[in-house]
Amino acid sequence: LVYETVKHVHGLSCSPFHGGLSFLTAHAAFTLELDRALQTIDPTVVTPYWDFTIDSEEHGVDWDESVVFSHDWFGAATPPNPSRQISGTYFNETPVPVSCEFEVHNAYCRVTDQRNEDPSPFATRAHELCGLRTDVRLPGCAELAECLQVKSLVDLHSCAEDVLHGNMHTVIGGFWDCPYDLGQLSDEHPEWKELLLSVGTRSINIWQATYGSKHLKCPSTCDSGADTWQTCHCHCPAFDLVSPQDGGATVDWIKGFFNETKILFFEDWHAGSRFECESGFNSPYVYKKYFDIQHKDDGKCDYSLRGFDNDENKEFLHFLAGYACSPGKVGSMSTGGSSNDPIFWPIHPSFDRLWSYMRLSPEYAGFDNGWPGDKCAGRSYEDLMPFRALQDDEAAMDGAGNASDPDHFYSNRELFKMFSPESSRLQYIYDDFDFSHCSDAIEASNSANSSSDEEGEVFTLDNRKKPTRARRLR
């Protein structure tokens, strides 16, 4: 997993693995690459898939009770040790890659998020968001039903990555040992729990915002023999100066800080009307429904937390500023090094399985496979990806039917053809495409879709076998 983790982190430039249609080809290629590595030990092994929508429906917010998180599978959602190092029958002490030369690493040279100053040498996870239990469902039937209605590759990617994939990484990876504790604040204000959960699930994005705006400063080196997280971690020097323990930062200062970091901001602080203030308010990481927007007599725009009195408003905004300046320890799945957590690997074949179904089903005969260009290297149709030699007869021909160089890196066009479920050269198939556990959501989505779609195309359940969650060799 060390090799795959470094590859998946990619670097500081835009990722060819996320944010574009190459999400589909890249993650199928990652899985096949792992298959081939495992098959050097046991030729019969194929990476399984985890249909997490089943566990979402069966367990709701208690998805950590799934057999997937049992000791003999992938280990507990919160490992029973203070460091939160993944433990279980098979995955004890899964090492984190170490490289001071690779451009993405923390101050201990661990290949992980740069803001994650966790000295742990092993992959970690926790079923909490900075002290707050992760009472968030995994993507389930509603999300799957939405994806089954798409009619183009562009829309399939958008739904697969942003809706069905959603916040899987954050809710499984988790955060802990945070100076600003969401759980403690929730205990003090139980009525804020939903709001605090929404903050918790966007923690990485919030910390990225303060880091990207140069407010959050992280140490360049930490000594694994002498330092701990308490002595070597990221912070915001400007916030430290105005924020003594008595809460010295004023609301105006905090709002200026949010404006500079783009956590909460207006396109223009001055507006001619309340409507312009409301349309110009941006809250990328906290749902807008939690805010009231004001157009003041002096023409300026302002905001406050809906239903909060002045003291509560200041308390929450001060907490959010401190939280944005104080990253806790970050589970492997919540970072670019998510493939370091073994649970990463059975998640992503689920998207390939959905894509395979849509490529095989006659209901999608008119599916638009158009692949628009992208300015990020690796995301366009003809761009090369960092994968090669994924098929046994590699010397025979490439994706275009030409004689192939075994050292040739595949383009997305070649990977698109390689992962066609109708290809006789593809080494694996799925045992079934059963989605009957989502029949109610799918039928509701069909009804909503057919009422607004002149063509009336709907998805039907054509396979009601008990799902096996199996991906197997041909």
Side-chain angles (χ1 to χ4, degrees), residues 115 129-132 170 175 178-217 233-271 274 276-328:
R115 297 156 288 265
L129 302 171
C130 287
L132 185 63
T170 294
F175 316 101
C178 305
Y180 284 75
D181 192 293
L182 292 170
Q184 180 178 334
L185 190 61
S186 179
D187 289 341
E188 295 170 1
H189 298 280
E191 70 278 12
W192 295 5
K193 184 175 181 180
E194 181 185 292
L195 167 62
L196 297 177
L197 273 173
S198 73
V199 171
T201 56
R202 301 304 301 274
S203 297
I204 280 289
N205 308 96
I206 292 170
W207 296 330
Q208 286 172 341
T210 48
Y211 186 76
S213 63
K214 310 296 185 185
H215 281 271
L216 183 66
K217 305 294 183 182
H233 61 272
C234 306
H235 68 112
C236 295
F239 183 74
D240 295 342
L241 291 174
V242 300
S243 181
Q245 291 300 313
D246 62 357
T250 66
V251 170
D252 286 343
W253 188 95
I254 291 171
K255 289 182 175 180
F257 168 78
F258 287 153
N259 185 60
E260 292 176 11
T261 56
K262 303 304 179 188
I263 292 174
L264 298 169
F265 66 100
F266 289 97
E267 294 294 344
D268 187 347
W269 283 94
H270 292 80
R274 178 187 177 88
E276 290 174 342
C277 287
E278 290 178 344
S279 62
F281 179 62
N282 290 274
S283 178
Y285 314 118
V286 186
Y287 293 122
K288 287 186 178 181
K289 69 178 183 179
Y290 295 113
F291 294 93
D292 282 324
I293 308 302
Q294 297 92 34
H295 179 242
K296 301 168 70 175
D297 292 340
D298 60 3
K300 291 183 179 180
C301 300
D302 202 1
Y303 60 86
S304 60
L305 275 297
R306 181 165 296 165
F308 284 34
D309 62 29
N310 288 338
D311 289 340
E312 291 172 331
N313 189 64
K314 180 178 180 180
E315 180 182 4
F316 176 79
L317 293 176
H318 189 279
F319 178 92
L320 182 60
Y323 189 82
C325 286
S326 307

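By convention here, the first residue in the shown sequence is residue 1. Every heavy atom of this structure was used, including side-chain atoms; hydrogens, water molecules and symmetry mates were not. Every value quoted in this text rests on a predicted model; they were computed, and no experiment measured them.
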Enquirer: Report yes or no: does Thr210 contribute a side-chain atom to a donor-acceptor pair with the main-chain N or O of Leu216 at less than 3.5 Å?
Expert: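 It does not hold such a pair.
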Enquirer: Okay, side chain of Trp207, backbone of Tyr323: is any donor-acceptor separation there less than 3.5 Å?
Expert: yes
Enquirer: Check whether Lys217 reaches the backbone of Lys214 with its side chain - one donor and one acceptor, N or O, closer than 3.5 Å.
Expert: yes
Enquirer: For the backbone of Leu305 and the side chain of Asn313, can you confirm whether one donor and one acceptor N or O come within less than 3.5 Å of each other?
Expert: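 Between the backbone of Leu305 and the side chain of Asn313 there is a qualifying donor-acceptor contact (under 3.5 Å).
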Enquirer: Is a side-chain donor or acceptor of Lys255 paired with a backbone partner of Tyr303 at a separation under 3.5 angstrom?
Expert: yes
Enquirer: Which heavy atom of Ser326 sits nearest to which heavy atom of Pro179, and what is that distance?
Expert: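 Nearest heavy atoms, Ser326 then Pro179: O-CD, 3.6 Å.
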Enquirer: CD/Glu276 to SG/Cys301 distance, rounded to the nearest 0.5 angstrom?
Expert: 8.0 Å
Enquirer: Quick one, Tyr211 and Arg115 - any side-chain contact, counting heavy atoms below 4.5 Å?
Expert: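 Result yes, sub-4.5 Å side-chain heavy-atom pair found.
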Enquirer: Is the shortest side-chain N to carboxylate O distance from Lys289 to Glu194 below 4.0 Å?
Expert: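 Answer for the salt bridge query: yes.
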Enquirer: Tell me if the NZ atom of Lys300 is crowded by more than 12 foreign heavy atoms within 6.0 Å.
Expert: no
Enquirer: Kindly indicate whether the side chain of Leu264, heavy atoms from C-beta on, has any atom under 4.5 Å from the side chain of Tyr285.
Expert: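 Side-chain contact under 4.5 Å: no.
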Enquirer: Could you report the tightest heavy-atom contact between Gln294 and Ser304, atom names first, then the distance?
Expert: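 Scanning both residues completely, I find the closest heavy atoms to be NE2-OG, 3.1 Å.
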Enquirer: Can you list the steps and then say if Phe257 with Leu317 is a side chain to side chain contact (heavy atoms under 4.5 Å, CB included)?
Expert: CA-CA 11 Å; Phe257 168 78; Leu317 293 176; over 6 Å; no
Enquirer: Kindly indicate whether the side chain of Tyr290, heavy atoms from C-beta on, has any atom under 4.5 Å from the side chain of Trp192.
Expert: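 SC-SC contact between Tyr290 and Trp192 ruled out.
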Enquirer: What are the two closest non-hydrogen atoms of Gly200 and Ser203, and how far apart are they?
Expert: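 That closest heavy-atom pairing would be O-OG, 2.7 Å.
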Enquirer: I'd like to know if the side chain of Ser186 reaches the main chain of Leu182, judged simply by a donor and an acceptor atom lying under 3.5 Å from each other, with no hydrogens or angles considered.
Expert: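 Not confirmed, Ser186 side chain does not pair with Leu182 backbone.
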Enquirer: The test is side chain to side chain contact (heavy atoms under 4.5 Å, CB included); show your working for Leu196 and Phe316 and say whether it passes.
Expert: CA-CA 10 Å; Leu196 297 177; Phe316 176 79; 3.9 Å; yes
Enquirer: I need the Lys296 NZ to Asp302 CG distance, nearest 0.5 Å.
Expert: 4.5 Å
Enquirer: Are there more than 12 heavy atoms of other residues, nucleotides or ligands under 6.0 Å from atom CG of Asp298?
Expert: yes
Enquirer: In Å and rounded to the nearest 0.5 Å, what is the NE2 to CZ distance from His318 to Phe239?
Expert: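 Those atoms lie 4.0 Å apart.
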Enquirer: Run the side chain to side chain donor-acceptor pair (under 3.5 Å) test against Asp181 and tell me which residues pass, sequence neighbours left out.
Expert: none
Enquirer: Atom SG in Cys325, atom CD1 in Ile206: separation rounded to 0.5 Å?
Expert: 11.0 Å
Enquirer: May I have the step-by-step check of side-chain hydrogen bond (donor to acceptor under 3.5 Å, both in side chains) for Glu315 and His189, ending in yes or no?
Expert: CA-CA 11 Å; Glu315 180 182 4; His189 298 280; 3.1 Å; yes
Enquirer: Can any side-chain N or O of Glu312 pair as donor or acceptor with the backbone N or O of Asp309 at less than 3.5 Å?
Expert: yes
Enquirer: Using salt bridge (charged side-chain N to carboxylate O under 4.0 Å, His left out) as the criterion, list what pairs up with Arg202, not counting sequence neighbours.
Expert: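 Applying salt bridge (charged side-chain N to carboxylate O under 4.0 Å, His left out) to Arg202 gives none.
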Enquirer: Rounded at 0.5 Å granularity, tell me how far CD1 in Ile263 sits from OG in Ser213.
Expert: 7.0 Å
Enquirer: From Ile293 CD1 over to Arg306 CZ, what is the distance, rounded to the nearest 0.5 angstrom?
Expert: 8.0 Å
Enquirer: For the cysteines Cys178 and Cys130, is the SG separation below 2.5 Å?
Expert: yes
Enquirer: Show, in sequence, the C-alpha distance, side-chain angles and deciding distance for Glu267 and Asn282, and conclude whether the side chain to side chain contact (heavy atoms under 4.5 Å, CB included) test is met.
Expert: CA-CA 7 Å; Glu267 294 294 344; Asn282 290 274; 3.0 Å; yes
Enquirer: Taking the six-membered ring for Trp, are His215 and Phe258 ring centroids under 6.0 Å apart?
Expert: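 No - the distance between ring centres of His215 and Phe258 does not fall below the 6.0 Å cut-off.
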Enquirer: Determine the interplanar angle of the Phe281 and Phe266 rings, folded into 0 to 90°, and report it as parallel if under 30°, tilted if 30 to 60°, perpendicular if over 60°.
Expert: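 Because their plane-to-plane angle lies in the 30° to 60° range, the rings of Phe281 and Phe266 count as tilted.
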Enquirer: Check the orientation of Tyr180 and Phe319. Use parallel for under 30°, tilted for 30 to 60°, and perpendicular for over 60°.
Expert: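 Geometry flag for Phe319 against Tyr180: perpendicular rings.
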